[in-house]
Each structure stands twice: as structure tokens, then as C-alpha cells.
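What follows is a single structure, written as C-alpha cells, with notes after it.
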Amino acid sequence: MPQHEIVLESPWKRIRLVSPLPSDDEAVALCRTHPVTRRFLRFLPEHMTADEVRIRREARAKNERIIDLYIHYVEKEGTKRFAGMSGYFNIDDDHASCEAGIIVMPDFHGQQFATEVLHVLLQYAFEEKKFHRVTFETGANNEGMRGWLEKVAGARLEADRKEAWKLPDGTFADVKGYAILDWEWRDHVKGRLESRLNSFPIA
């Protein structure tokens with residue numbers, strides 16, 4: 001049973017965000033355990049099976065505070081390939097807020113995929129779902145994601161949380177928290193992302 005029937009199309013035609021699919025379970029396991037993914041998300045498991053992904057997917061589908069979306073890369077001939085995971089969670093309808101996240105398969109790094117995915121996701125969150133506030137969390141040592149949030153998206157640093165993520169070895173990692181408000185999306189964030197994507201040579 002699919003979690004939802006949301007399908008989000010990118011104006012740049014490279015990606016679609018869709019409901020989690022059983023056919024992607026093996027790819028999700030690979031993505032979540034890949035050494036490049038775990039470099040900055042060290043709380044993720046070192047090993048994971050497709051069956052464990054299924055169990056996680058089915059459990060999250062029952063949680064109304066989570067909307068998971070899989071990233072599918074649309075190839076020139078129209079075929080689609082799993083390219084990562086995104087979505088929003090910690091949904092608070094009373095305060096019109098949520099947290100957003102993204103993991104892009106390492107094969108797609110350096111191609112503005114994160115920018116394209118988050119443009120699509122934020123546009124949906126602010127313009128369709130009418131959220132007032134979207135937050136992001138990333139490891140304090142993740143200079144790449146922090147730089148993207150600050151310099152590309154123009155998100156505001158709001159939190160510096162000491163030892164907030166527990167890691168598999170029992171130690172803890174520091175976390176930075178960012179936020180974008182609906183008027184910030186309208187006034188500058190949306191334009192910044194679109195300018196970035198329009199200047200990038202997307203094949």
C-alpha cells in the first residue's frame with residue numbers, strides 16, 4: 001500500500017518525487033549504507049537489507065507526521081532510475097511547520113540534484129501545503145550541506161545543538177539547525193535556487 005499518491009515534477013525535467021516504492025528497496029539500502037552517505041550521517045547503519053528497508057518503509061507510511069518521497073532521475077529516453085530520498089517530517093499542523101531532508105545517491109553528486117530536489121520540495125511545502133516554516137538539520141561537520149543551505153539557499157542558521165545525534169558507536173555528534181519561512185521563500189530563496197539551476201548546464 002503506497003504511503004501517498006503525491007507525484008512532484010521538476011520544471012527542469014530531470015527528477016520526479018514519488019511515493020516510496022517496493023521496487024526501490026534494494027537501492028534504498030545501498031543509498032543509506034553507502035560510505036559517502038554515512039560520512040556525514042554517521043547515525044545511519046553500516047549494513048541494511050532490503051527487507052529492513054521494507055519494514056521501515058511500511059512503518060513510516062503509517063505515521064501521519066511523515067511524508068517520504070523517493071527521487072527518480074528521468075533519463076532522456078524516459079526511463080527512471082532511483083536517485084535518492086527526500087520528503088518532510090515532524091509535521092506540526094498547529095504551527096504550520098515541518099522539517100525537510102534529502103539524501104542523494106553519490107552517483108548524482110555535483111550535478112545540482114540537491115538544488116533541483118529541494119526547489120521542488122520547498123515549492124510544494126510552501127505553495128501547496130501552505131507551511132509557514134521549514135527547517136533543516138545537518139551535522140556540524142558537514143561543510144558541503146551547510147554551505148549549500150547558507151550560500152545557495154540563503155537559509156538562516158538558528159540552532160547549534162551540542163551532541164544531538166547519537167551514533168552507532170555510542171558517541172554523539174553536534175548538529176546545526178536552519179530554517180526558511182514562507183515569506184523568505186517568496187522573497188529570495190525561490191529566486192536564488194531558480195537562478196542557480198537556470199545557469200547550470202542541465203543536459
Side-chain angles (χ1 to χ4, degrees), residues 7-18 20-21 23-46 48 53 68-89 99-125 134-157 165 167 173-180 185 188-203:
V7 176
L8 304 180
E9 303 271 2
S10 163
W12 294 271
K13 307 300 182 184
R14 289 194 307 173
I15 61 108
R16 298 174 83 220
L17 302 184
V18 302
L21 301 171
S23 57
D24 287 327
D25 285 350
E26 288 190 12
V28 171
L30 175 62
C31 184
R32 286 174 59 83
T33 60
H34 196 288
V36 174
T37 303
R38 296 185 66 253
R39 181 182 176 191
F40 297 114
L41 296 173
R42 291 183 293 149
F43 56 82
L44 292 178
E46 187 174 356
M48 191 174 200
V53 171
D68 284 331
L69 293 159
Y70 284 2
I71 307 165
H72 281 181
Y73 170 56
V74 183
E75 299 180 292
K76 289 182 178 180
E77 63 274 18
T79 58
K80 299 171 183 66
R81 184 155 54 106
F82 178 84
M85 297 158 285
S86 188
Y88 52 96
F89 48 98
E99 183 177 345
I102 181 173
I103 300 175
V104 175
M105 286 285 281
D107 290 352
F108 295 96
H109 286 187
Q111 302 176 53
Q112 297 297 333
F113 260 67
T115 304
E116 189 169 350
V117 169
L118 288 174
H119 176 279
V120 173
L121 185 68
L122 289 173
Q123 181 168 274
Y124 181 75
V134 177
T135 62
F136 301 85
E137 287 198 343
T138 189
N141 65 336
N142 191 344
E143 298 292 342
M145 188 60 180
R146 289 178 57 193
W148 186 92
L149 286 164
E150 295 171 12
K151 298 173 185 176
V152 178
R156 284 173 299 97
L157 177 64
W165 285 349
L167 308 180
D174 298 344
V175 172
K176 300 287 187 179
Y178 294 83
I180 298 171
W185 165 255
H188 65 88
V189 174
K190 183 177 182 178
R192 288 171 71 128
L193 299 187
E194 290 177 353
S195 177
R196 178 91 166 195
L197 286 162
N198 289 332
S199 66
F200 186 76
I202 295 175

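Values reported hereafter were calculated over all heavy atoms of this structure, with side chains retained and with hydrogens, waters and symmetry mates removed.
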Set of residues satisfying side chain to side chain contact (heavy atoms under 4.5 Å, CB included) with respect to [X], sequence neighbours excluded:
X: Ser23; result: Leu21
X: Asp174; result: Ala140, Lys162, Glu163
X: Phe113; result: Arg14, Ile15, Tyr73, Ala83, Val104, Phe108, Gln111
X: Glu150; result: Arg146, Tyr178

Write down the atom of [X], the atom of [Y], and the distance for their closest heavy-atom approach.
X: Met105; Y: Cys31; result: SD-CB, 3.2 Å
X: Gly87; Y: Leu121; result: O-CD2, 3.5 Å
X: Pro11; Y: Val120; result: CD-CG2, 4.3 Å

| Can Val74 and Lys13 be said to form a side-chain contact (heavy atoms from CB on, under 4.5 Å), step by step? | CA-CA 7 Å; Val74 183; Lys13 307 300 182 184; over 6 Å; no

Could you pull out all residues at least two apart from [X] that satisfy side chain to side chain donor-acceptor pair (under 3.5 Å)?
X: Thr135; result: none
X: Ser10; result: Glu116
X: Glu9; result: Arg16

Flag the pair [X] / [Y] as yes when at least one side-chain heavy-atom distance between them is below 4.5 Å, and no otherwise.
X: Trp185; Y: Leu122; result: yes
X: Lys176; Y: Asn142; result: no
X: Phe82; Y: Val28; result: yes
X: Leu44; Y: Ile103; result: yes
X: Gln112; Y: Trp12; result: no

| Under the 3.5 angstrom rule, does the side chain of Thr115 hit a backbone N or O of Leu193 as a donor-acceptor pair? | no

| request: Answer yes or no: is there a donor N or O on one side and an acceptor on the other, between the side chain of Arg196 and the main chain of Ala153, under 3.5 Å? | output: no

Distance from [X] atom [atom1] to [Y] atom [atom2], nearest 0.5 Å?
X: Leu118; Y: Trp148; atom1: CG; atom2: CH2; result: 4.5 Å
X: Ile102; Y: Leu69; atom1: CD1; atom2: CG; result: 11.0 Å
X: Leu17; Y: His72; atom1: CG; atom2: NE2; result: 9.5 Å
X: Ile180; Y: Lys190; atom1: CD1; atom2: NZ; result: 13.5 Å
X: Phe40; Y: Thr138; atom1: CZ; atom2: OG1; result: 8.5 Å

| field | Set of salt bridge (Lys or Arg N to Asp or Glu O under 4.0 Å) partners for Glu137, sequence neighbours left out | value | Arg161

| request: For Asp25, enumerate each residue passing the salt bridge (Lys or Arg N to Asp or Glu O under 4.0 Å) test, keeping only those at least two apart in sequence or located in another chain. | output: Arg57

| task | Kindly state each residue pair satisfying salt bridge (charged side-chain N to carboxylate O under 4.0 Å, His left out) with at least one member in residues 30-40, sequence neighbours excluded. | result | none

| task | Only counting residues at least two apart or in another chain, list the ones meeting ring-ring contact (aromatic ring centres under 6.0 Å, His included) with Phe89. | result | none

| request: Scan residues 78-87 for pairs that pass side-chain hydrogen bond (donor to acceptor under 3.5 Å, both in side chains), counting only residues two or more places apart or in two chains. | output: Glu75-Thr79, Glu77-Thr79

| request: Report the relative orientation of the aromatic rings in Phe43 and Trp165; use parallel for angles under 30°, tilted for 30 to 60°, perpendicular for over 60°. | output: perpendicular

